[in-house]
Amino acid sequence: MTNRKSVSVQLFFRRIARRFESVFFLAKTFLSERNFIYLSSVAVAISCAFAVIILKSFAHNVFKFANYANEYLRLPYANSIFPIIGILLTVFVVKRFLDGSIEKGSAKVLYAVAKKGGILPKKQMYAQIITSSLTVGLGGSAGLESPIVVTGAAFGSNFAQKYKLSQKDRILLLACGVAAGISAAFNAPIAGVLFAIEVVLTDVSISAFIPIMISAATGALVSEMLLDQEVLLSFKQNLTFNFHNTPYYIILGILAGLVSVYHARNFRKVEHFFSRFKNNTYKKALFGASILAVLIFFFPTLFGEGYESIKTLSAPNPEVLLDNTLLEQFENKQWVLLAFVGIVVLLKSFATGLTLGSGGNGGNFAPSLFVGSYLGFFVAKSIHLLGLSTTLPIANFTIVGMAGILSGLFHAPLTAIFLIGEITGGYDLMVPLMIVSSISFAVSKQFENHSMDVKALADKGEVFTSDKDKNILQSIDFLSLVETDVKSITLEKTLEQLIDYLSTSSQVIIPVLDDRQKLLGIIDFEIIRPIVFNPYRIKFTEVKEILSDPKEIIYHDDGMETIIEKFENSNQAFLPVTKNGKFYGLISKITILETYREKLKEMIIE
């Protein structure tokens, strides 16, 4: 009986889905291309907003449950156990139901834009929701925003694929999903738009703003209607800016930039350490989660996203942060609270690295806000306790600090400024937000050319940057341009046989290979031309005598910048390509340049 009900429910939802699909196919037929994109941006945004509501609500309710348990245990035992369970469950789900792998982080969205024409797999529409709910909801020290970004991008990408939209529109709807996700997560539509443009789309025209703005507004509206406002990170204090405090904000900006670099580098080191555990995923998960549990035992605020503790720090009584910790008896000791906050700033990168490196799923967006608020509090409280300024508004620094770390880590100062402006319910702190965000960005940029999420991909040329020409080159899959149907010879062949090859082929370069297909050298027709027209030399010249080393060899994993540089250095029209130590084919410089011109036309978003 139960199975029949389950089947009938599935059939009901399938019928609903088919009806929606038929409506959109009909709309595509009657609406103009631009109007259909507007309609699509609304549909994508609503889907993303519901995903955000599920994620946020689950994480918040688990956090409340953990704190409820602590009321009886009096020590953060429950907070230490939950993350282990969450990470192990995440690994189990990935291994059992998601083919053993899941793409983490917003960098994967940028990779899809740069290398895959905005195509993301269907499983990303639900995989991120399930796994990040388990990891972060059960206390993993990471954020839900990166999974939200990937989920939103997947909704936009797969919607475009479903209705056979062009690559240009597919990437645009992908960005719409990202904007809607961020907007719904913070009820901050302007920040959603800016994040999509600053981080996802490196080159966008004015007309592309409209669908992105529609998506962001729709995401915020659905979130406002259905999501419990207690779940959102928001501040109700009356915040004002006093220009006399400007020097202290400058100090905060400098420290935010340095801490951003510290956080990014430590996080990468921890992730790199766990990348060595390749065989036993459960052992890796248990090892990493156990260390995380110890950190959370001593510093309970590392549990989950940490948004509740951010609100606590900005409230009039931040000392309650020490409740249910081993330092609870020192609640009235201001220096103890300051030391606690300072240590947490330094430990958060390790906690997030342990969470994600051991197999959990999440991101660094929420940790950046967490670290920023703690750093802002630490700076203002230190100045206050040292007697340098007794009137410094600690709440202001706690809030502005979030923008500093977000800007420094993600290299997105506009997103940082307007996100904090929106979640504080006003723009009275706009000046200090601009000061801290811009200085932090500038300092971070001195040490790291790329944001922490995209650094590894950018170094390999697998993600778009602000360099438009470089972006177009990176979007070219050069292996698809390699001519693999190439005539080659071995050293044992005679020159007469080589000439027969040349007479029936348009090739000007003949690769010489051994019996294992390894490239020994090349024969350039232009170099051997005098021999070809001399019968005597043809008869008495061996292949090895006219063999020459290629001026450059292109490897299958070379980036397009490297390939272009090799063509320029060698001054050759064709170069050999090798893959896994074997000859793969020849590539033409003219073919690359023609592909570049075609990509240039495609990538202009109207």
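Every value quoted in this text rests on a predicted model; they were computed, and no experiment measured them.
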Residue list, side chain to side chain contact (heavy atoms under 4.5 Å, CB included) with [X], at least two apart or on another chain:
{"X": "I291", "value": "F287, L354"}
{"X": "A153", "value": "V109, L120, L174, V178"}
{"X": "N280", "value": "Y282, K283"}

If you measure from [atom1] on [X] to [atom2] on [Y], what distance do you get to the nearest 0.5 Å?
{"X": "I553", "Y": "S570", "atom1": "CD1", "atom2": "OG", "value": "11.5 Å"}
{"X": "Q572", "Y": "F567", "atom1": "CD", "atom2": "CZ", "value": "9.0 Å"}
{"X": "L513", "Y": "K518", "atom1": "CG", "atom2": "NZ", "value": "11.5 Å"}
{"X": "L255", "Y": "I405", "atom1": "CG", "atom2": "CD1", "value": "9.0 Å"}
{"X": "L419", "Y": "L406", "atom1": "CG", "atom2": "CG", "value": "6.5 Å"}
{"X": "I182", "Y": "I190", "atom1": "CD1", "atom2": "CD1", "value": "14.5 Å"}

Can you name the residues that form a salt bridge (Lys or Arg N to Asp or Glu O under 4.0 Å) with K566, not counting sequence neighbours?
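For K566 the salt bridge (Lys or Arg N to Asp or Glu O under 4.0 Å) partners, ignoring immediate neighbours, are D558.
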Do E448 and R268 meet the salt-bridge criterion of a basic N to acidic O distance under 4.0 Å?
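The answer is yes: the pair qualifies as a salt bridge.
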Ring geometry between F365 and F195 (parallel below 30°, tilted from 30 to 60°, perpendicular above 60°)
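The rings of F195 and F365 stand perpendicular, inter-plane angle above 60°.
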Assign the ring pair F159 / Y163 to parallel, tilted or perpendicular, where the plane angle (0 to 90°) is split at 30° and 60°.
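Judged by the thresholds at 30° and 60°, the geometry between F159 and Y163 is tilted.
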With sequence neighbours left out, write down each residue that passes ring-ring contact (aromatic ring centres under 6.0 Å, His included) with F583, or none if nothing qualifies.
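If we apply the ring-ring contact (aromatic ring centres under 6.0 Å, His included) test to F583, skipping adjacent residues, there are no hits.
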Take a 6.0 Å sphere around CE of M213 and say whether it holds more than 12 heavy atoms from other residues, nucleotides or ligands.
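Atom CE in M213 is crowded, with more than 12 foreign heavy atoms closer than 6.0 Å.
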Whether over 12 other heavy atoms sit under 6.0 Å from H556 NE2
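Yes, enclosed.
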Which heavy atom in L194 sits nearest to a heavy atom in L414, and how many Å separate them?
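Taking L194 first and L414 second, the nearest heavy atoms are CD1-O, 3.7 Å.
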Would you sort out whether Y126 and T151 count as a side chain to side chain contact (heavy atoms under 4.5 Å, CB included), showing the intermediate values?
CA-CA 7 Å; Y126 56 86; T151 302; over 6 Å; no
Is NZ or CZ of K348 both nearer than 6.0 Å to the six-membered ring centre of F370 and within 45° of the ring axis?
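Yes, K348 lies over the aromatic ring of F370.
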Polar side chain donor-acceptor pair, S157 to Q161, under 3.5 angstrom:
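Result is yes, a qualifying pair exists.
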Please assess E198 against T415 for the test side chain to side chain donor-acceptor pair (under 3.5 Å), listing each intermediate value before the final yes or no.
CA-CA 8 Å; E198 263 192 314; T415 300; 2.7 Å; yes
Just grab all the salt bridge (Lys or Arg N to Asp or Glu O under 4.0 Å) pairs involving residues 144-153, residues at least two apart or on different chains.
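For residues 144-153: K56-E145.
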Go through the steps for I587 and E483 under the test side chain to side chain contact (heavy atoms under 4.5 Å, CB included), then give the verdict.
CA-CA 6 Å; I587 188 166; E483 185 181 346; over 6 Å; no
Could you walk me through whether S444 and S260 pass the side chain to side chain donor-acceptor pair (under 3.5 Å) test, one step at a time?
CA-CA 7 Å; S444 174; S260 297; 5.4 Å; no
